[in-house]
Amino acid sequence: MVLPSSDGGSAAGQVQVVIAEIEAIARKSLPAAEDDASLATQDFRNLELDPSSFGEVPIARNLGIQHGAAHEVFVSTVDAVLQDLRDFAATLSASMKAHQATDEGVHSALAAVSVQYRDHGSKAAKEFEKKLIEQGDALHVDAPQADAQPPAAAPSGEGATTGSTEQTSGTGY
């Protein structure tokens, strides 16, 4: 399925298909195409004519030789197409297995990161709180209380100070 773009058109180069759907193509559709090609060409593939069956005159024998050569080219080409279908199905299946393994590996890695950082506070937030406590007087802000909820927004007005780290005009930042 092609994903639509935000302007209603199709997103160029972006196709989203479920891995199971692609595996079904490799397992069912390609073997069915192989069967169809085999059946459709079976009569001609099995046809064997001796060049003399075209007649004894030189031009007829020449036609028989040409028919035999064309038959060989056709049969070899159909055999190669069938092998290409089998190879494509195998490659498609292997590719989907690799994608599935990658998806599972990424999922596992993200789950491990999630567990690792579940109760982990950000270093930036901790350092901010630490420095705010140390520099609170110089910044004209009240130091945060340990385990306190974030303070309410500062009231508007020139130089207003509260527990908020945000200040109005005149602070220099």
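For the atom pair Q42 CD and D35 CG, the distance stands at 11.0 Å (nearest 0.5 Å). From K97, atom NZ reaches atom OG1 of T102 across 14.0 Å, with rounding to the nearest 0.5 Å. We find the CG-CG distance between D84 and D79 to be 11.0 Å, quoted to the nearest 0.5 Å. Here S29 contributes atom OG and E23 contributes atom CD; the two are 13.0 Å apart, rounded to the nearest 0.5 Å. From E48, atom CD reaches atom OG of S53 across 11.5 Å, with rounding to the nearest 0.5 Å. Between the CD1 atom in I19 and the NE2 atom in H99 there is a gap of 7.0 Å [rounded to 0.5 Å].
In this structure, A26 and P31 approach most closely via the heavy-atom pair O-CD, 3.3 Å. In terms of heavy-atom proximity, R61 sits nearest to S52 at NH2-CB, 4.0 Å.
When the shell of 6.0 Å around CG of L39 is examined, it contains more than 12 heavy atoms from other residues, nucleotides or ligands.
Salt-bridge formation is not detected for the pair K126/E129: no Lys NZ or Arg NE/NH1/NH2 atom is positioned less than 4.0 Å from an Asp or Glu carboxylate oxygen.
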Can I get a per-line list of side-chain donor-acceptor pairs under 3.5 Å for residues 62-78, giving both atom names and the distance, sequence neighbours left out?
from: H71; atom 1: NE2; to: F44; atom 2: O; distance (Å): 2.7
from: H71; atom 1: NE2; to: R45; atom 2: O; distance (Å): 3.4
from: H71; atom 1: NE2; to: L47; atom 2: O; distance (Å): 3.0
from: S76; atom 1: OG; to: E72; atom 2: O; distance (Å): 3.0
from: T77; atom 1: OG1; to: V73; atom 2: O; distance (Å): 2.8

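Q83 and D87 are linked by a side-chain donor-acceptor pair at a separation below 3.5 angstrom, with hydrogens and angles left out of the test.
Using a distance-only test at 3.5 Å, with no hydrogens or angles considered, no donor-acceptor pair links the side chain of S93 to the main chain of A89.
When the salt bridge (charged side-chain N to carboxylate O under 4.0 Å, His left out) test is applied to E34, the partners found at least two apart in sequence or on another chain are R86.
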